[in-house]
Amino acid sequence: MKLSIRKLLVFVLLISLLAACGTSEQGKTDAAAKDGSDKKVLKMATSADFPPFESRNPNGEFEGFDIDLANLIADELGYKLKIEDMKFEGLIGSLQADRVDMVMAGMSATKDRRKNVAFSNAYNRSGEMFISQPDNKIDDLASLKGKTVGVQLGTIQEEGAKKLSEEYGFEVKKVDDSKILIQELNSNRIDVAYMDKTVAVGYIEAQGLAGFDDPTTSSPGMGIAFPKDSDLVDDVNKVLEKLEENGKLQELKEKWLSDYQEIDS
Ligand code: ARG
């Protein structure tokens, strides 16, 4: 009999532990509980391989234009931001499966993607660039002939390179991480990397690479992506308008994006 009382006590203890875990999952994360806030959590996914939009600093913390903007948006709407890092090609799927509330990843708001997710108004625009080692003298589309051009899986550059490769006669190599793309370039496993201009310019400056603009590019602006039926789209658009009016969006562009372009639509 003694034994079963002890068992009962253990059982009760276990149940209360489980219950405690349950509460911390329903809305109040441990972090939120610790800092005393009872804000709702806004789950954002990104692919932190894309400076100056999103990357991790040496301490592993997220940083970049998208990260600052996401924090401003979460603040305005009274949420606590929680960031999840994943491969770029998995981002749309995570929205479709409702695993996250929004995605900010320098993602261009293309017609194709709009079939599966909703986008906020565009918050930035960037063209495309081909970058390479300066002594290779790759400076126009014709000089790509016979070369290997690397792109990140799931990006508009993957699509774009596929089309251009037929006309200009180059190989396309796909990798799932944009930092690895640069490593491939620096170790001569690819001749060229094809990527967003803002990101390319950063690498050209930091690593003494060369590059030329893609003259055929017509990519749409970058937007914040949401599950198709999300109520957040309108709220976030209102915040974007406000940040545009009070100059905070401009401040962020000046802080992070050296080559930012005005958006007229
Ligand atoms: N702008 C391009 C696209 O939307 C590339 C974005 C890549 N972003 C990233 N975080 N790796 O397809």
Side-chain angles (χ1 to χ4, degrees), residues 24-48 50-57 59-86 88 91-92 94-109 113-114 116-126 196 198 220-258 260-265:
S24 79
E25 239 151 52
Q26 288 158 16
K28 263 195 190 179
T29 61
D30 289 343
K34 252 183 239 150
D35 69 12
S37 77
D38 49 6
K39 286 182 184 169
K40 286 180 295 175
V41 172
L42 181 66
K43 265 201 248 162
M44 173 183 115
T46 192
S47 171
F50 208 57
F53 293 99
E54 47 267 327
S55 58
R56 284 174 186 259
N57 68 16
N59 298 328
E61 294 149 355
F62 293 105
E63 64 172 24
F65 178 87
D66 285 346
I67 309 300
D68 279 3
L69 182 55
N71 273 304
L72 283 179
I73 291 171
D75 274 357
E76 285 285 337
L77 296 176
Y79 286 101
K80 193 176 165 60
L81 186 70
K82 189 166 171 259
I83 303 178
E84 218 175 289
D85 197 4
M86 55 179 81
F88 187 81
L91 290 170
I92 299 269
S94 75
L95 287 172
Q96 287 179 296
D98 276 324
R99 277 199 300 274
V100 295
D101 304 308
M102 68 179 202
V103 160
M104 285 189 80
M107 187 179 274
S108 315
R113 289 177 179 149
R114 281 180 195 277
N116 300 314
V117 296
F119 277 102
S120 71
N121 296 332
Y123 62 86
N124 185 59
R125 195 175 291 279
S126 162
D196 283 60
T198 312
M222 294 170 177
I224 307 169
F226 304 89
K228 264 221 140 157
D229 53 356
S230 171
D231 296 335
L232 276 170
V233 190
D234 287 344
D235 295 344
V236 167
N237 276 336
K238 281 192 199 113
V239 174
L240 283 176
E241 254 166 55
K242 182 172 169 188
L243 297 175
E244 188 128 16
E245 273 157 25
N246 67 18
K248 290 213 170 133
L249 195 62
Q250 188 64 20
E251 262 172 43
L252 281 192
K253 290 188 179 180
E254 283 163 18
K255 174 176 173 195
W256 293 105
L257 315 177
S258 49
Y260 69 86
Q261 299 163 29
E262 294 301 331
I263 304 185
D264 15 63
S265 58

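The structure presented is a predicted model; accordingly, all values stated were derived computationally and were not measured.
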Chemist: If you measure from OG1 on Thr46 to CE on Met107, what distance do you get to the nearest 0.5 Å?
Modeler: 9.0 Å
Chemist: Find the distance between OG (Ser47) and CD (Glu54) and round it off to the nearest 0.5 Å.
Modeler: 7.0 Å
Chemist: Could you grab the distance from atom CG of Asn124 to atom OG1 of Thr198, nearest 0.5 Å is fine?
Modeler: 5.5 Å
Chemist: CZ of Phe226 to CG of Leu95: how many Å apart, nearest 0.5 Å?
Modeler: 9.0 Å
Chemist: Provide the full list of side chain to side chain donor-acceptor pair (under 3.5 Å) pairs with a residue in residues 69-79, sequence neighbours left out, each pair given once.
Modeler: Glu76-Lys242
Chemist: Locate the shortest heavy-atom distance separating Ser108 from Arg113; write the atom from each residue and the value.
Modeler: O-NH1, 2.8 Å
Chemist: Could you walk me through whether Leu252 and Lys248 pass the side chain to side chain contact (heavy atoms under 4.5 Å, CB included) test, one step at a time?
Modeler: CA-CA 6 Å; Leu252 281 192; Lys248 290 213 170 133; 6.0 Å; no
Chemist: Drop me the distance from Met44's CE to Asp85's CG, to the nearest 0.5 angstrom.
Modeler: 9.5 Å
Chemist: Using side chain to side chain contact (heavy atoms under 4.5 Å, CB included) as the criterion, list what pairs up with Asp98, not counting sequence neighbours.
Modeler: Pro227
Chemist: Walk me through it: do Lys80 and Leu42 pass the test side chain to side chain contact (heavy atoms under 4.5 Å, CB included)?
Modeler: CA-CA 6 Å; Lys80 193 176 165 60; Leu42 181 66; over 6 Å; no
Chemist: At what distance, to the nearest 0.5 angstrom, does CD1 of Ile67 lie from CE of Met104?
Modeler: 8.0 Å
Chemist: Quick one: side-chain hydrogen bond (donor to acceptor under 3.5 Å, both in side chains) partners of Asn237, sequence neighbours excluded?
Modeler: Asn121
Chemist: For Arg114, give me all partners under salt bridge (Lys or Arg N to Asp or Glu O under 4.0 Å), at least two apart in sequence or on another chain.
Modeler: none
Chemist: Return the set of residues passing side chain to side chain contact (heavy atoms under 4.5 Å, CB included) with Glu251 (not counting sequence neighbours), or none when no residue passes.
Modeler: none
Chemist: With Glu61, which residues qualify under side chain to side chain contact (heavy atoms under 4.5 Å, CB included), at least two apart?
Modeler: Asn57, Asn59
Chemist: Would you mind listing every side chain to side chain donor-acceptor pair (under 3.5 Å) that reaches into residues 222-234, with sequence neighbours excluded?
Modeler: none
Chemist: Under a 4.5 Å cut-off applied to non-hydrogen side-chain atoms, are Leu72 and Val239 in contact?
Modeler: no
Chemist: So if I apply the side chain to side chain contact (heavy atoms under 4.5 Å, CB included) rule between Lys43 and each of Ile83, Leu81, Val103, Asp101, which one comes out positive?
Modeler: Asp101
Chemist: List for me each residue that meets ring-ring contact (aromatic ring centres under 6.0 Å, His included) alongside Phe53, sequence neighbours excluded, and say none if there are none.
Modeler: Phe50
Chemist: Shortest non-hydrogen contact from Ala109 to Pro220?
Modeler: O-CG, 3.4 Å
Chemist: Scan for salt bridge (Lys or Arg N to Asp or Glu O under 4.0 Å) pairs involving residues 63-74, sequence neighbours excluded, and state none if there are none.
Modeler: Asp68-Lys255
Chemist: Are any of the side-chain heavy atoms of Ile73 and Ile224 separated by less than 4.5 Å?
Modeler: yes
